[in-house]
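First up is the structure itself, then whatever we jot down about it.
No experiment lies behind these values; they were computed from the predicted model shown. The first residue of the sequence shown is numbered 1, and numbering continues consecutively from there. Because only heavy atoms are used, hydrogens play no part in the values below, and waters and symmetry mates are left out as well, while side chains stay in.
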Amino acid sequence: MQLKHFLQFNDFSREEYEYLFERSRWIKQTFKQYRQYWPLVDRTLAMIFDKSSTRTRLSFEAGMNQLGGTSIYLPTRDTQLGRGEPVEDAARVISRMVDIIMIRTYEHDILQRFAENSRVPVINGLTDEYHPCQIMGDIFTFIEHRGAIAGKTVAWIGDVNNMCNTWLQAAEVFDFKVHVSAPPGYEIVSERIGLSGTNNYEMFSSPHEAVKNADLVTTDVWISMGFEAETEKRKTDFADFCVDTEMMALAKRNALFMHCLPAHRGEEVATEVIDGPQSVVWDEAENRLHTQKALMEYLLLGKIKKA
């Protein structure tokens with residue numbers, strides 16, 4: 001089987017995602033029925049963390065265990081990577097001892113260099129530029145609640161960060177629209193995202209205009225990891241970009257609200273919205289578990305014909 005990595009959302013085709021979502025449905029149903037499914041017995045996942053995490057670690061570690069495999073948690077501060085070992089050398093060693101690797105780090109270049117020297121599949125657990133596992137879980141959640149996302153409109157409100165970048169890539173893969181609203185100085189850099197030049201997104205200066213008739217409204221914290229020094233400036237710049245009930249009312253009547261969590265209630269989202277009837281953030285969080293199990297199964301075993 002040909003070695004395949006998952007570093008950006010556009011690494012996979014729409015057909016591959018449709019397969020992965022079908023597997024996710026089956027794996028989730030199997031899990032909910034307490035039926036054992038252990039396709040990855042004797043397989044080992046190494047989880048390398050340069051950034052702190054709750055959901056990413058828990059979903060990958062629990063997911064690998066639920067598939068019959070084992071996982072090893074490797075914070076960089078406790079490894080030779082934390083003492084300056086070249087990424088390339090670490091990749092050559094670690095990939096000889098495990099079957100699959102997930103990395104959560106800062107610069108995307110670190111992940112890319114690691115993958116180029118790995119003998120096993122590498123998964124992006126988050127970089128400053130992209131968060132493909134989260135968007136895979138988000139789209140699966142939308143499909144569960146509303147059906148196909150093709151042709152729909154997603155409103156992204158707030159910081160043009162790794163989540164926004166990945167939504168933009170997903171829009172090209174699935175052919176939906178993204179309305180992006182961010183303050184001046186936080187605009188999209190399409191070249192960095194790797195967009196092909198299609199018209200799948202539109203920038204709005206007003207967040208209220210961006211959410212009009214949207215099928216999904218989503219946001220993230222204003223101060224991502226690594227940007228703590230800009231906290232006060234960002235709070236000022238984003239002051240008008242809180243997704244509140246007034247803003248949600250401008251979206252479609254059955255629009256969903258998503259947030260990748262953790263959320264800062266009263267900043268990027270109002271409590272009434274995240275805890276409201278349109279919010280699916282808890283389903284969204286859980287679905288990281290099921291979609292990542294399907295992803296690991298696919299990277300290690302290829303397409304499964306039955307079961």
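Contact annotation: the side chain of Glu129 never approaches that of Thr166 to less than 4.5 Å [non-hydrogen atoms, C-beta and beyond]. You'll find the side chain of Ile101 reaches within 4.5 Å of the side chain of Ile94, heavy atoms only. Inter-residue side-chain proximity for Leu168 and Asn200 is flagged as unmet; no heavy-atom pair is nearer than 4.5 Å. With contacts defined as side-chain heavy-atom distances shorter than 4.5 Å, the pair His145/Leu256 qualifies. Between Phe49 and Leu126, the closest side-chain pair of non-hydrogen atoms is not below 4.5 Å. By the 4.5 Å heavy-atom criterion applied to side chains, Leu261 and Trp282 are counted as neighbours. You'll find the side chain of Ile157 stays beyond 4.5 Å of the side chain of Thr218, heavy atoms only. Residues Thr153 and His179 form a side-chain contact, since some pair of their non-hydrogen atoms from C-beta on lies under 4.5 Å apart.
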Given side chain to side chain contact (heavy atoms under 4.5 Å, CB included), test Met203 with Ile188 step by step and report yes or no. CA-CA 8 Å; Met203 284 293 302; Ile188 294 168; 3.5 Å; yes

Side chain to side chain contact (heavy atoms under 4.5 Å, CB included) between Leu81 and Ile48, worked out: CA-CA 10 Å; Leu81 278 168; Ile48 301 173; 4.2 Å; yes

Thr56/Cys133 under side chain to side chain contact (heavy atoms under 4.5 Å, CB included): CA gap, chis, key distance, verdict: CA-CA 9 Å; Thr56 296; Cys133 288; over 6 Å; no

Asp50 vs Thr76, side-chain hydrogen bond (donor to acceptor under 3.5 Å, both in side chains): CA-CA, chis, key distance, verdict: CA-CA 5 Å; Asp50 205 16; Thr76 54; 2.8 Å; yes

Could you go step by step and tell me if Glu144 and Arg25 meet the salt bridge (Lys or Arg N to Asp or Glu O under 4.0 Å) rule? CA-CA 9 Å; Glu144 278 191 323; Arg25 275 190 288 270; over 6 Å; no

Decide yes or no on side chain to side chain contact (heavy atoms under 4.5 Å, CB included) for Arg119 and Arg96, but give the supporting numbers first. CA-CA 7 Å; Arg119 294 164 54 138; Arg96 283 173 176 260; 3.1 Å; yes

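A salt bridge links Lys51 with Asp128; the closest basic N to acidic carboxylate O contact falls under 4.0 Å. Look at Glu116 and Arg113 and you find no salt bridge, because none of the NZ, NE, NH1 or NH2 atoms lies under 4.0 Å from a carboxylate O. Salt-bridge annotation for Arg14 and Asp175: absent, with no side-chain N of the basic residue lying under 4.0 Å from a carboxylate O of the acidic one. We find that Arg265 and Asp275 are joined by a salt bridge, their nearest charged nitrogen and carboxylate oxygen being less than 4.0 Å apart. Look at Lys293 and Glu297 and you find no salt bridge, because none of the NZ, NE, NH1 or NH2 atoms lies under 4.0 Å from a carboxylate O. Between Asp89 and Arg92 there is a salt bridge, since a side-chain N of the basic residue sits under 4.0 Å from a carboxylate O of the acidic one.
In this structure, Phe60 has no ring-ring contact (aromatic ring centres under 6.0 Å, His included) partners at least two apart in sequence or on a different chain.
Distance check: Arg253 CZ to Asn213 CG gives 13.5 Å after rounding to the nearest 0.5 Å. Taken from CD in Gln278 to OG1 in Thr245, the straight-line distance is 10.0 Å, to the nearest 0.5 Å. Note that CZ of Arg55 and SG of Cys260 are 7.5 Å apart. Values are rounded to the nearest 0.5 Å. Here CE of Met64 is found 13.0 Å from OG of Ser59. Values are rounded to the nearest 0.5 Å. Annotation: the span from Ile139 atom CD1 to Asn287 atom CG amounts to 12.0 Å, rounded to 0.5 Å. Note: Phe6 CZ to Met102 CE = 13.0 Å, rounded to the nearest 0.5 Å.
Looking at Thr127 and Thr105, their side chains never bring a donor and an acceptor atom within 3.5 Å of each other. If you check the side chains of His259 and Glu268, you find a donor sitting under 3.5 Å from an acceptor. Donor-acceptor pairing under 3.5 Å is lacking for the side chains of Tyr130 and Asn124. For the residue pair Asn162/Gln134, the side-chain donor-acceptor check at 3.5 Å is not satisfied.
No donor-acceptor distance shorter than 3.5 angstrom exists from the side chain of Arg43 to the backbone of Thr70, with no hydrogens or angles considered. A distance-only check finds no donor-acceptor pair linking the side chain of His131 to the backbone of Met163 [under 3.5 Å]. With hydrogens and angles ignored, the 3.5 Å screen pairs a side-chain donor or acceptor of Lys152 with a backbone N or O of Ala148. Looking at Asp109, its side chain never comes within 3.5 Å of a backbone N or O of Gln112 through a donor-acceptor pair. Without hydrogens or angle criteria, Tyr19 side chain to Ile304 main chain gives a donor-acceptor distance under 3.5 Å.
Arg35 CZ: more than 12 foreign heavy atoms inside a 6.0 Å radius. Under a cut-off of 6.0 angstrom, the local environment of CE in Met97 is sparse, with at most 12 non-hydrogen atoms contributed by other residues, nucleotides or ligands. When the shell of 6.0 Å around CG of Asp42 is examined, it contains 12 or fewer heavy atoms from other residues, nucleotides or ligands.
Nearest heavy-atom pair across Met136 and Phe9 is N-CE1, 3.9 Å. Across all non-hydrogen atoms, the minimal contact from Ala255 to Ala214 is CB-O, 3.4 Å. Smallest separation of non-hydrogen atoms from Ala263 and Val269: CB-CG1, 4.3 Å. Pairing each heavy atom of Met258 with each of Asp138, the nearest pair is CE-O, 3.3 Å. Considering all non-hydrogen atoms of both residues, Pro183 and Gly158 come closest at CD-O, 4.5 Å. Heavy-atom minimum distance, Ser181 versus Ser206: OG-C, 3.3 Å.
A cation-pi arrangement is found for Arg57 relative to Tyr73, the charged atom lying closer than 6.0 Å to the ring centre and inside a 45° cone about the ring normal.
One hydrophobic cluster, built from ILVMFWY side chains closer than 4.5 Å, holds both Val154 and Tyr201. Hydrophobic clustering (side-chain heavy atoms under 4.5 Å, transitive across Ile, Leu, Val, Met, Phe, Trp, Tyr) groups Val87 together with Val120. Tracing side-chain contacts under 4.5 Å through hydrophobic residues (I, L, V, M, F, W, Y), one reaches Val211 starting from Tyr186; they form part of the same cluster. Note on Ile123 and Leu74: separate hydrophobic clusters, where clusters join Ile, Leu, Val, Met, Phe, Trp and Tyr whose side-chain heavy atoms are under 4.5 Å apart, directly or indirectly. The cluster map of Ile, Leu, Val, Met, Phe, Trp and Tyr, joined by side-chain heavy atoms under 4.5 Å apart, puts Leu250 and Ile274 in the same cluster.
Ring pair Tyr17/Phe12 is tilted by interplanar angle, where 30° to 60° counts as tilted. Taking the six-membered ring for Trp and thresholds of 30 and 60 degrees, Phe241 and Phe238 have ring planes more than 60 degrees apart, a perpendicular arrangement.
Partner Tyr298 forms a side-chain hydrogen bond (donor to acceptor under 3.5 Å, both in side chains) with one of Lys4, Glu16, Arg23, Lys303 and no other, that one being Glu16.
Other members of the cluster containing Phe31 are Leu289, with ILVMFWY side chains joined at under 4.5 Å, either directly or via other members.
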